[in-house]
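On a predicted model such as this, the values are computed, not experimentally measured, just so you know. What's counted below: heavy atoms across the whole structure, side chains too, no hydrogens, waters or symmetry copies.
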Protein chains: 2
Amino acid sequence: MSQFKTVRGMRDFLPKDAEKIRYVEKIARELAHLYGYEEVITPVVEHYDLLSAKSGEEIRERMYAFSDMGGRRVALRPEFTASIARLIATKMRNAPKPMKLFCAGSLYRYDEPQYGRFREFWQANYELMGSSEPEADMEILTLTNDLIGRLGLRRYWFKIGHMGILRGILSQEGVAEGQQNLIMQLLDKKRWDEALTLARESNVSQNCIATLKKILETKGKDASQVLKTAKRVVADYDDAVAAVENLREILELTAEGNVKFETLVETGFARGFEYYTGIIFELYVPEIEIALGGGGRYDKLIELFGGEPTPAVGVAPGIDRLVLAMDKQKVSLKISEESKVMIIPVDEKLRTKAVELSLTLRKAKIPVEVELMGRKVSKALSDADRRGATHAVIVGPEELKEGKVVLRDMKKREQRPVEIKTLSKEILKDTS
Amino acid sequence: MSQFKTVRGMRDFLPKDAEKIRYVEKIARELAHLYGYEEVITPVVEHYDLLSAKSGEEIRERMYAFSDMGGRRVALRPEFTASIARLIATKMRNAPKPMKLFCAGSLYRYDEPQYGRFREFWQANYELMGSSEPEADMEILTLTNDLIGRLGLRRYWFKIGHMGILRGILSQEGVAEGQQNLIMQLLDKKRWDEALTLARESNVSQNCIATLKKILETKGKDASQVLKTAKRVVADYDDAVAAVENLREILELTAEGNVKFETLVETGFARGFEYYTGIIFELYVPEIEIALGGGGRYDKLIELFGGEPTPAVGVAPGIDRLVLAMDKQKVSLKISEESKVMIIPVDEKLRTKAVELSLTLRKAKIPVEVELMGRKVSKALSDADRRGATHAVIVGPEELKEGKVVLRDMKKREQRPVEIKTLSKEILKDTS
């Protein structure tokens, strides 16, 4: 049988990389706990109708969709938000507001694999539901910024926009929602000319086209300056003015709260998901072209799924992309050095004694391996070296009679007999 | 739009249950670290050919298999072992032996949903590759027993058998492997009469049928007694005798090593996967009919996938089933009590101050929520109560002038002004 490979676009993470993935997941989970976001777990396999309802054409087309053996049309989730909205609309319908939920896991999209983009990827996900206040939007930005800080990334920025600006203009011009979605998708892919052509075909006014053009050019690092310009540009469109005003308030609150990050405000910014209604943002580092994560406000989705009208805002940081950024910025994981022990019995009869000892050391939280290959001491010692053991414990019949074993410091290449009773203390002393 | 549901056989875990799942996963991961098993992450989606190669007919028929958009025949993994064997056969081909790998994640089988059995489920997985010594089998039993102990389960037993017994008899009788597999599947489902009929149809001797019948009846809690009987029963079949001998040695080593657990040895025990070659076992608690997990030795699989001949043994404890057993045995999670703070600004202008304070407290590792609904203090306080907050911090303009906030003990219903500088200390003092 030939050698098997992973399916195209899917990855294996070998120990060093898997450790990084689990590290970021752990920090993300700790952060959720610190911010009061409770974790939920939803299935990887959901009804296609749920996942496609408001995901946007592009994502819909790239879902892993199939029929299960019972003939149900299902798909692998391309994101978490639809599942969370389903929960809030059904099982958590009566939870007190605001609801704050966290989840983390793997997602699936049949995208063309490219640098940093794979068909199976991992995200953390924070959703804050029930509040339409700007401090809710601010909290999601704050939390995201806090996560990046805790991971140790040094250079990054938030690209920020607001769906209410473009939607406000198009709605006032009478453009139907479906048509608006198509325009947004083109904007998301930076196909501006086609987006404007589509707007023209929707019979919008000359003023609208001129406004859209200016909106697409309005961007910059100085948020208050950009939003001042934007307000002037969209002055004829009330809902768009309100959107600019909302974004200004969120960013002002964030600055006042001493939450500091670099921003790039783009009023013509759109994201792939159709469900966004307010602020939208993405996170970038200079070393990587694609976003590390993104989020925004979606006030209509839960209602659409049959729930109570529930304003909501959330963010989904990409776990494997954050790992990539940490690699690029040479951030080291904050994992404390600790001892690692290899126990080597000098002959077969002492195998069980070695296991007994290993259980005792593990109770003292010391990572321990037992020689399992039936090798001689010298061979087993060089293997212990290769595995990065800090200590070897050699179990021999002579020492054992006196209740002792030989403790070897692998770095110093020194060894001495040690009483079994004090073994764990001696090992911990060496590495403290 | 109608309310959406989860796909049949798939589950949502709401916060209380998700916490338990993540707790068991965390303990399993810590254990892997303590035993020197390094974590790897492999994809949920694998080539169908890989997953079906040695999984056994029943599991093959119940896989979530489909063609992806590129026409590849793929499936959702029903277990981890095939993926790990793939890794060892390819990317980790040259890793020093023994290789010890851990993984944890979701698996998929289109089984009929029943108590404790779902179509998406979670397992931890420990694989020890490169050693054919009985101490390797013993380590896997020891580690499993250690996991159960750390989780706090009180009553449980290992059902133990050895594939070499039945295979040894059938091979010596000239029964082809494919036919053996069919017989094993029937035995796995406890359809003994059909299994014996199939053996008869394979032209085995009268002596063989008589031996098989006796083997199916040879079981009990006293391992040494059961294995003594078994040795006598299979005396005419050399490989079967060697298998009984191997099982005896493993269990004797385990007992000598002071690793204690209840056993039920069944020499006619078979498991669903075709790849097992040596010891097999499953873990049970009295409260639940289905196994909490299982494992065994599989010495041929890695070679089959194009790798070096590599003896291997592993175990896959079911994470959600362990949670179920913990619920049944009323085991409480060892999660330390800690404070939980709600910060409430008395008016809109103090919202940003509340956020600033929250960031400071979280740096001291205190879980903090900020009032985000724009509610009055009294309403926000009763919400804080409902959320189980231990403290409320009320931010008012008067106290703030003096660098203070009001700290309220939610249980005692007492409050006092506290200097912001000492706030985290005061909160930690209350709950230490």
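Among B/Val341, B/Val40, B/Asp12, B/Thr6, the residue with the largest count of heavy-atom pairs under 4.5 Å with chain A is B/Asp12. Counting heavy-atom pairs closer than 4.5 Å to chain A, the top-ranked of the candidates B/Arg29, B/Glu46, B/Arg386 is B/Arg29. Contact count against chain A (heavy-atom pairs under 4.5 Å) is highest for B/Gly70 among B/Ala85, B/Gly70, B/Ser132. Ranked by non-hydrogen atom pairs under 4.5 Å with chain B, the options A/Asp17, A/Leu50, A/Thr42, A/Val74 are led by A/Leu50. Ranked by heavy-atom pairs under 4.5 Å with chain A, the list B/Glu256, B/Glu38, B/Arg11, B/Met69 is led by B/Met69. Counting heavy-atom pairs closer than 4.5 Å to chain B, the top residue among A/Arg86, A/Met92, A/Arg119, A/Met342 is A/Arg86. Each of B/Ser83, B/Gly9, B/Ser67, B/Pro43 has some count of heavy-atom pairs under 4.5 Å with chain A, and the biggest count is that of B/Pro43. Across B/Arg8, B/Glu19, B/Lys365, the residue that shares the most heavy-atom pairs under 4.5 angstrom with chain A is B/Arg8.
Interface residue A/Tyr110: only side-chain heavy atoms are found under 4.5 Å from chain B. For chain B, the nearby part of A/Glu120 is the side chain; its heavy atoms alone come within less than 4.5 Å. Heavy-atom distances place the side chain of B/Glu139, and not its backbone, under 4.5 Å from chain A. Interface remark: A/Asp383 contributes side-chain atoms only to the contact with chain B (heavy atom separation under 4.5 Å). Only the side chain of B/Ile21 comes within less than 4.5 Å of a heavy atom in chain A; its backbone stays farther off. Heavy atoms closer than 4.5 Å to chain B are found in both the backbone and the side chain of A/Glu135. Looking at B/Leu87, only its side chain comes within 4.5 Å of chain A, counting heavy atoms on both sides. When heavy atoms are compared at a cutoff of 4.5 Å, B/Arg73 does not approach chain A at all. At a 4.5 Å heavy-atom cutoff, the contact between A/Met138 and chain B is made by side-chain atoms alone. With a 4.5 Å cut-off on non-hydrogen atoms, A/Leu31 does not touch chain B at all. For chain B, the nearby part of A/Glu61 is the backbone; its heavy atoms alone come within less than 4.5 Å. Using a 4.5 Å cut-off between heavy atoms, A/Val44 touches chain B through backbone and side chain atoms alike.
Of all heavy-atom pairs spanning A/Arg150 and B/Lys363, the tightest one is NH2-N, 4.3 Å. Between B/Gly130 and A/Met373, the shortest heavy-atom contact is O-CE, 3.1 Å.
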Side chain to side chain contact (heavy atoms under 4.5 Å, CB included) for B/Val370 and A/Tyr35? Distances and angles first, verdict last.
CA-CA 8 Å; B/Val370 178; A/Tyr35 277 77; over 6 Å; no
Trace of the side chain to side chain contact (heavy atoms under 4.5 Å, CB included) decision for B/Arg72 with A/Val7:
CA-CA 8 Å; B/Arg72 296 171 196 89; A/Val7 174; 4.0 Å; yes
May I have the step-by-step check of side chain to side chain contact (heavy atoms under 4.5 Å, CB included) for A/Glu133 and B/Leu372, ending in yes or no?
CA-CA 7 Å; A/Glu133 303 289 328; B/Leu372 296 169; 5.8 Å; no
B/Trp122 and A/Ile41: CA distance, side-chain angles, deciding distance, side chain to side chain contact (heavy atoms under 4.5 Å, CB included) verdict:
CA-CA 11 Å; B/Trp122 280 260; A/Ile41 300 174; 3.7 Å; yes
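Side-chain contact between A/Met10 and B/Val45: present, with at least one pair of heavy atoms (C-beta onward) separated by less than 4.5 Å. With contacts defined as side-chain heavy-atom distances shorter than 4.5 Å, the pair A/Leu76/B/Leu76 qualifies. Counting heavy atoms from C-beta outward, A/Leu253 and B/Arg351 have side chains that approach closer than 4.5 Å. A heavy-atom distance below 4.5 Å is not found between the side chains of B/Phe4 and A/Thr90. When side chains are defined from C-beta on, B/Ser131 does not count as touching A/Glu371, because their heavy atoms never get closer than 4.5 Å.
For residues 353-361 of chain A, heavy-atom neighbours of chain B at less than 4.5 Å comprise A/Val355, A/Glu356, A/Leu359, sorted by residue number.
By the 4.0 Å N-to-carboxylate-O rule, B/Lys26 lies too far from A/Glu30 to be salt-bridged with it.
Within 6.0 Å of the NZ atom in B/Lys91, the count of heavy atoms belonging to other residues, nucleotides or ligands exceeds 12.
In this structure, the side chain of A/Arg362 engages the main chain of B/Leu34 through a donor-acceptor pair within 3.5 Å.
B/Phe66 and A/Phe66 have parallel rings, their planes meeting at less than 30° on a 0 to 90° scale where 60° marks the start of perpendicular.
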Going by atom type alone, with no hydrogens or angles, which donor-acceptor pairs under 3.5 Å involve a side-chain atom of residues 95-106 of chain B and a protein atom two or more places apart or on another chain?
{"unit_1": "B/Lys100", "atom_1": "NZ", "unit_2": "A/Glu369", "atom_2": "OE1", "d": "2.8"}
{"unit_1": "B/Ser106", "atom_1": "OG", "unit_2": "B/Tyr108", "atom_2": "OH", "d": "2.7"}

